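Nothing here was measured: the structure is a model prediction, and the numbers come from that model.
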Amino acid sequence: MTVKKSGKLFIHFTFLTTSIVPLQNRNCFVPISEIIAVEETEFNKKQRNIGRWQKMAKLHAFTVHYVKKARNHRWRCRDATFWCVDEHLCNQWTQALKELLEMQKSRPKQLLVYINPYGGKRQGKRIYEQKVAPLFSLASISTDVVVTEHANHAKDNLFEVNIYKYDGVVCVGGDGMFSEVMHGLIGRMQKDSGIDQNNPKASLVQCNICLVFYFSGSTDCICYSTVGISDPVTSALHIIVGDCQPLDVSSVHHNNTFLKYSVSLLGYGFYGDILKDSEKKRWMGPMRYDYSGFKTFLSHHYYEGTIAYQPAKQTHGSPRDKESCRMGCYICKQSEKQLAEQNKEHGLKHEEGEEEWKVIKGKFLAINAVNMSCACPRSPKGLSPAAHLADGSADLILVRKCSRFNFLRYLVRHTNQDDQFDFPFVDVYRVKCFQFTSKLSEDNESNVMDIGKKRFGQFCRDHPACCCNIVNSTWNCDGETLDSSAIEVRVHCQLMKLFARGIEEDCKDEAAHSQSSIEQLL
Ligand SMILES: Nc1ncnc2c1ncn2[C@@H]1O[C@H](COP(=O)(O)OP(=O)(O)OP(=O)(O)O)[C@@H](O)[C@H]1O
Ligand SMILES: CCCCCCCCCCCCC/C=C/[C@@H](O)[C@H](CO)NC(=O)CCCCC
Ligand SMILES: [Ca+2]
């Protein structure tokens with residue numbers, strides 16, 4: 001067995017020495033950063049017949065637990081046991097490896113865990129106890145666990161506990177639970193720094209202390225877009241190795257009042273209507289989205305309104321790029337540098353540039369603003385395949401009034417390789433902020449509301465067959481409805497940090513890469 005240095009430290013299990021021998025007959029190559037734990041092992045003679053050694057002397061052994069990368073971004077914990085007759089040599093190896101692990105400074109030691117016992121088919125608590133907690137204890141991570149008793153329990157609790165003693169916060173639940181914990185964390189950080197969340201122009205304080213991760217929901221789009229899979233063991237292993245992925249967060253305001261934060265989808269029209277309808281069908285579980293999706297598709301409502309946005313000029317990418325945001329993304333790294341420079345120059349007080357606003361009026365079937373691709377099992381490439389996790393911008397997708405058939409063609413392209421933005425009725429912009437006002441609220445504000453419209457119900461009186469809805473739609477903010485249709489949205493670059501590393505290139509590439517690294521080492 002050898003430990004070699006080549007930029008990163010790697011442990012290379014092989015059979016080169018006769019003094020220390022792996023129990024299983026295999027070759028393996030693991031970066032130190034992906035070792036979970038090293039333990040002294042009681043050598044069990046029944047484990048394997050190792051011939052003459054067994055009879056000659058007392059054997060000493062240690063076990064290395066490490067990350068094994070499987071298909072589709074899935075991670076698993078595997079172990080390799082090494083034995084030798086020399087107790088001193090065995091101890092030296094164990095000690096050396098433990099010291100190397102101690103040097104991995106980004107690894108969490110103490111975590112605060114919130115479990116929603118009702119989220120994700122009510123399996124969250126069982127999954128945590130059976131699959132996740134044993135891994136945390138193997139990696140010597142201590143945890144304080146809170147099983148929530150009601151909605152907002154975790155959020156309220158985050159305002160009371162001493163969050164600064166934890167290296168991270170883990171939430172066991174779906175996108176809804178993630179959103180709740182994120183609101184608790186960001187809110188607490190702003191409160192402690194004296195920042196008024198109601199001010200839409202306030203520069204928010206980054207959450208550096210606490211990192212969040214989650215699993216086991218019904219859409220799990222944050223997991224799919226940041227790790228590539230929603231799987232509790234994979235998530236737990238990313239936490240243990242201390243992976244850290246910055247994440248953009250949008251703040252949503254109405255009339256100088258803070259409404260919510262969003263990390264995945266802010267959707268008006270189609271996705272807002274699906275959510276509103278599906279809330280009444282919670283008992284159907286994840287199927288509710290398919291049912292309400294079909295119903296909303298058939299209703300084919302569109303909404304009039306005005307969008308004003310500021311383009312994100314600072315970012316290097318475009319929503320029509322063919323390259324997606326992946327681990328170590330160059331575009332997100334550039335934004336990180338820019339942010340660090342800005343913070344150095346101005347502290348938190350960034351000057352609001354008087355940059356030009358672009359204004360678009362129209363009739364829309366859907367208005368979607370996404371901070372990440374929003375990949376999920378229903379749409380493996382997501383709503384905006386080239387959106388970046390941490391570039392300080394959101395992709396604003398406008399789907400204008402079109403026929404049902406064309407809208408179906410647009411939706412189907414979320415499930416195949418064709419470009420979903422390549423339609424004359426779809427526009428996409430990379431933005432740093434935007435505002436939306438529905439026609440109805442504009443009319444209300446200017447007091448030109450035709451009372452007749454109210455009396456004759458919700459469909460447009462002038463064009464009864466046009467499906468033009470004169471009531472507002474609802475904003476879907478990461479799976480929760482907003483009370484106001486007129487909103488002001490701003491992207492805060494890298495406000496949060498996740499226990500993740502971005503999506504890794506697929507396993508084929510990885511296998512090729514590790515093979516070449518082995519060859520370099522030998
Ligand atoms: N003990 C509890 N009782 C009731 N509601 C809770 C409890 N704990 C958390 N919640 C709330 O339940 C909501 C949904 O949680 P979660 O996201 O875990 O479930 P889900 O059914 O998987 O939903 P999603 O569709 O968001 O994936 C969250 O908004 C959270 O605030
Ligand atoms: C012919 C079939 C074509 C099918 C095309 C389907 C395209 C689906 C794209 C799905 C995008 C999901 C975006 C994620 C939003 C989450 O923040 C939110 C909270 O979990 N989920 C929903 O609002 C739930 C939204 C569910 C929508 C179905
Ligand atoms: Ca982004």
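Counting only distance, with no hydrogens or angles, the side chain of Thr143 and the backbone of Val145 share no donor-acceptor pair below 3.5 Å. The main-chain N or O of Lys280 is never found under 3.5 Å from a side-chain atom of Arg288 such that the two would form a donor-acceptor pair. Remark: the backbone N or O of Gly392 is paired with a side-chain donor or acceptor of Asp248 at under 3.5 angstrom. With hydrogens and angles ignored, the 3.5 Å screen pairs no side-chain donor or acceptor of Thr148 with any backbone N or O of Ala154. A donor-acceptor pair under 3.5 Å is formed between the side chain of Tyr268 and the backbone N or O of Ser473. Judged by distance alone, with hydrogens and angles left aside, the side-chain atoms of Gln104 form no donor-acceptor pair with the main-chain N or O of Glu34 at under 3.5 Å. Not a single donor-acceptor pair under 3.5 Å links the side chain of Arg107 to the backbone N or O of Gly242. For Arg188 (side chain) and Val161 (main-chain N/O), a donor-acceptor pair under 3.5 Å exists by modelled atom type. Judged purely by atom type and a 3.5 angstrom limit, His414 has no side-chain atom pairing as donor or acceptor with the backbone of Ala375. With hydrogens and angles disregarded, no donor-acceptor distance shorter than 3.5 Å links the side chain of Glu40 to the backbone of Thr94.
A distance of 8.5 Å separates SG in Cys433 from NZ in Lys201, rounded to the nearest 0.5 Å. Here Glu480 contributes atom CD and Lys260 contributes atom NZ; the two are 4.5 Å apart, rounded to the nearest 0.5 Å. How far OG of Ser335 is from OH of Tyr330: 10.0 Å, rounded to the nearest 0.5 Å. Between Ile186 atom CD1 and Leu158 atom CG the span is 11.0 Å, to the nearest 0.5 Å. Remark: Ile163 CD1 to Asn157 CG distance equals 11.0 Å, nearest 0.5 Å. Atom OH of Tyr271 is separated from atom OG1 of Thr474 by 15.5 Å, given to the nearest 0.5 angstrom.
Within a 6.0 Å sphere centred on CG of Asp483, other residues, nucleotides and ligands contribute 12 heavy atoms or fewer. In this structure, Lys281 places its NZ atom where more than 12 heavy-atom neighbours from other residues, nucleotides or ligands lie under 6.0 Å away. The environment of NZ in Lys381 is crowded: more than 12 heavy-atom neighbours from other residues, nucleotides or ligands sit within 6.0 Å. Annotation for Glu323: atom CD does not count as buried by contact number, only 12 or fewer foreign heavy atoms lying within 6.0 Å. More than 12 heavy atoms of other shown residues, nucleotides or ligands fall within 6.0 angstrom of atom CZ in Phe159. For CE of Met287, the number of neighbouring non-hydrogen atoms (other residues, nucleotides, ligands) closer than 6.0 Å is 12 at most.
Between Asp391 and Ser393, the side chains place a donor N or O and an acceptor N or O closer than 3.5 Å (distance only, hydrogens not considered). Under the 3.5 Å distance criterion, with hydrogens and angles disregarded, no donor-acceptor pair is assigned to the side chains of Asp478 and Ser179. When only modelled atom types and interatomic distance are considered, Asn371 and Ser250 share a side-chain donor-acceptor pair under 3.5 Å. Checking Thr234 against His73 by side-chain atom types alone, no donor-acceptor pair falls below 3.5 Å.
Taking the six-membered ring where the residue is Trp, Phe436 and Trp475 present perpendicular rings, their angle passing 60° and hence far from 30°. Classified by interplanar angle (parallel below 30°, tilted 30° to 60°, perpendicular above 60°), the ring pair Tyr261/His183 is tilted. A perpendicular orientation is assigned to the rings of His301 and Tyr303, their planes being inclined by more than 60° (bins at 30° and 60°).
At a threshold of 4.0 Å, the pair Glu102-Lys98 does not count as salt-bridged, since none of the basic side-chain nitrogens sits closer than that to a carboxylate oxygen.
In this structure, the side chains of Phe270 and Asn368 stay at 4.5 Å or more apart for every pair of heavy atoms. The shortest distance between side-chain heavy atoms of Asn198 and Asn256 does not fall below 4.5 Å. Put simply, the side chain of Tyr410 does not reach to within 4.5 Å of the side chain of Leu365, judged on heavy atoms. In this structure, Val227 and Ile222 have side chains that are not in contact, with every pair of non-hydrogen atoms separated by 4.5 Å or more. Side-chain contact between Leu339 and Asn343 is present, with at least one heavy-atom pair separated by less than 4.5 Å. Side chains of Ile229 and Trp75 form no contact here, defined as non-hydrogen atoms less than 4.5 Å apart. Two residues are said to be in side-chain contact when any heavy atoms from C-beta on lie closer than 4.5 Å; Gln420 and Val428 fail this criterion. Under the 4.5 Å side-chain criterion, counting only non-hydrogen atoms from C-beta, Thr315 is not in contact with His388.
Put simply, the residue from Pro108, Cys244, Ser106 that forms a side-chain contact (heavy atoms from CB on, under 4.5 Å) with Phe499 is Pro108. Each of His253, Gln197, Glu488, His254 was evaluated against Leu259; a single residue qualifies, His254, per the side-chain contact (heavy atoms from CB on, under 4.5 Å) test.
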Pair Arg76-Asp231, salt bridge (Lys or Arg N to Asp or Glu O under 4.0 Å): steps then yes or no: CA-CA 10 Å; Arg76 286 291 172 263; Asp231 172 66; 3.0 Å; yes
Step by step, work out the side-chain contact (heavy atoms from CB on, under 4.5 Å) result for Asn476 and Leu265. CA-CA 7 Å; Asn476 173 341; Leu265 166 70; 4.2 Å; yes
Determine, step by step, whether Phe421 and Ser384 satisfy the side-chain contact (heavy atoms from CB on, under 4.5 Å) criterion, reporting the C-alpha distance in whole Å, the side-chain angles of both residues, the deciding distance to 0.1 Å, and the verdict. CA-CA 9 Å; Phe421 302 135; Ser384 187; 3.8 Å; yes
Please report the C-alpha distance between Phe434 and Tyr429 in whole Å, then the side-chain angles of each, then the deciding distance to 0.1 Å, and finally whether the ring pair (Phe, Tyr, Trp, His ring centres under 6.0 Å) criterion is met. CA-CA 11 Å; Phe434 73 93; Tyr429 308 97; over 10 Å; no
Let's go through Ile487 and Gln435 carefully: what are the C-alpha distance in whole Å and the side-chain angles of both, what is the deciding distance for side-chain contact (heavy atoms from CB on, under 4.5 Å) to 0.1 Å, and is it a yes or a no? CA-CA 6 Å; Ile487 58 168; Gln435 294 173 355; over 6 Å; no
Stepwise side-chain contact (heavy atoms from CB on, under 4.5 Å) test for Leu138 and Glu39: CA-CA 9 Å; Leu138 178 67; Glu39 297 182 306; 3.9 Å; yes
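Considering all non-hydrogen atoms of both residues, Asp220 and Ser230 come closest at OD2-OG, 2.5 Å. When all heavy atoms are compared, the tightest approach of Gln494 to Cys332 is NE2-O, 3.4 Å. What you find for Lys125 and Val147 is that their closest heavy atoms are CE-CG2, 3.9 Å. Minimum heavy-atom separation, Cys77 to His65: SG-CB, 4.3 Å. Annotation for Ala202 and Arg490: closest pair O-NH1, 3.4 Å, computed over non-hydrogen atoms. Residue Ile503 comes nearest to Arg326 through the heavy atom pair O-CD, 3.3 Å, listed as atom of the first residue, atom of the second, then distance.
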